[in-house]
Amino acid sequence: MIRVDDPSEKRWTIMAALLGANMAFALFQGLAQQDNPRQMRLFALLIVIAALPFQAVYFMIHAFVLEYTTRIHENAMKVLLRLSAACQMISYLSVSGIAMMFYVIHWSIGLVFTLSGLAAIIMVRMAIAQAETLAEDI
């Protein structure tokens, strides 16, 4: 049985939040595109929209694995987990479309989003490296 603090449940929550954000951006920026067509916004919308089916597939795989985890053979489970990981990566790339839409709103908003995103990634990488170093010392 999968517990709520299980890493797969945390990934599910992240994917659900990303799906909600992508749907909201697609809706509102799609309406803005109709009123004020911009090539960069269109490209950003294409990126976000392309990720939506992969997010749906991720949720289907997750539900299937939860339901039939005791019946799935080891090789089939490996394939499902790889497919799930690929769907997650494609979904995470949709954040680049969201970033592009921020640049459409105003270059400074896009720049702040990009810089703060990079700072957040660096902070996480540093924290992971420090945690690994501390774990080695134990």
Side-chain angles (χ1 to χ4, degrees):
M1 173 141 195
I2 295 180
R3 297 183 335 235
V4 175
D5 62 340
D6 186 286
S8 69
E9 288 302 305
K10 292 175 185 173
R11 283 190 292 273
W12 186 93
T13 304
I14 291 168
M15 291 295 290
L18 188 56
L19 175 63
N22 283 346
M23 291 298 291
F25 263 93
L27 173 65
F28 292 113
Q29 292 297 324
L31 292 171
Q33 182 70 6
Q34 288 178 338
D35 295 338
N36 182 17
R38 307 266 305 263
Q39 194 66 27
M40 188 170 181
R41 183 187 296 123
L42 176 62
F43 189 64
L45 280 166
L46 291 172
I47 292 170
V48 169
I49 295 299
L52 293 177
F54 292 95
Q55 291 167 339
V57 169
Y58 171 83
F59 289 117
M60 286 187 277
I61 291 169
H62 186 78
F64 181 81
V65 168
L66 285 177
E67 183 73 24
Y68 300 105
T69 192
T70 58
R71 297 186 202 163
I72 301 172
H73 295 289
E74 186 177 341
N75 288 337
M77 183 64 86
K78 287 179 183 178
V79 170
L80 288 171
L81 292 176
R82 283 188 202 126
L83 182 58
S84 175
C87 289
Q88 285 180 66
M89 290 307 300
I90 292 169
S91 295
Y92 295 153
L93 290 175
S94 69
V95 174
S96 65
I98 292 172
M100 290 173 74
M101 286 191 231
F102 284 138
Y103 279 99
V104 169
I105 294 169
H106 194 271
W107 68 267
S108 63
I109 294 171
L111 180 64
V112 167
F113 179 79
T114 301
L115 293 176
S116 65
L118 290 173
I121 290 169
I122 291 167
M123 286 174 49
V124 168
R125 297 293 297 174
M126 288 172 58
I128 290 171
Q130 186 177 17
E132 289 173 351
T133 301
L134 293 172
E136 291 172 0
D137 291 341
I138 294 178

The side-chain hydrogen bond (donor to acceptor under 3.5 Å, both in side chains) partners of Q29 (sequence neighbours excluded) come to R41
Residues which pass side-chain hydrogen bond (donor to acceptor under 3.5 Å, both in side chains) with T70, listed by chain and number, not counting sequence neighbours
none
Report the residues that fulfil side-chain contact (heavy atoms from CB on, under 4.5 Å) with S84, sequence neighbours left out, ordered by chain and then residue number.
Y58, I61, Q88
Can you name the side-chain contact (heavy atoms from CB on, under 4.5 Å) partners of M40, sequence neighbours left out?
M100, Y103, V104
Hydrophobic cluster membership, F102 vs F43, 4.5 Å side-chain cutoff:
no
Please check if the number of heavy atoms outside F28 that lie under 6.0 Å from its CZ is greater than 12.
no
Neighbour count above 12 (heavy atom, 6.0 Å) for F54 CZ
no
Can you confirm if the aromatic rings of F64 and F59 lie within a centre distance of less than 6.0 Å?
no
Does the S94 side chain pair with the main chain of S91, one donor and one acceptor, at a distance under 3.5 Å?
yes
Would the distance check show the side chain of H73 and the main-chain N or O of N75 forming a donor-acceptor pair, the cut-off being under 3.5 Å?
no
If we only count heavy atoms from C-beta on, is the [X] to [Y] side-chain gap below 4.5 Å?
| X | Y | result |
| --- | --- | --- |
| V95 | L18 | yes |
| M101 | L45 | yes |
| L52 | N22 | yes |

Please set out all donor-acceptor pairs under 3.5 angstrom arising from side-chain atoms of residues 115-123, sequence neighbours excluded.
from: S116; atom 1: OG; to: V112; atom 2: O; distance (Å): 2.9
from: S116; atom 1: OG; to: F113; atom 2: O; distance (Å): 3.1

Only counting residues at least two apart or in another chain, list the ones meeting salt bridge (charged side-chain N to carboxylate O under 4.0 Å, His left out) with E74.
K78
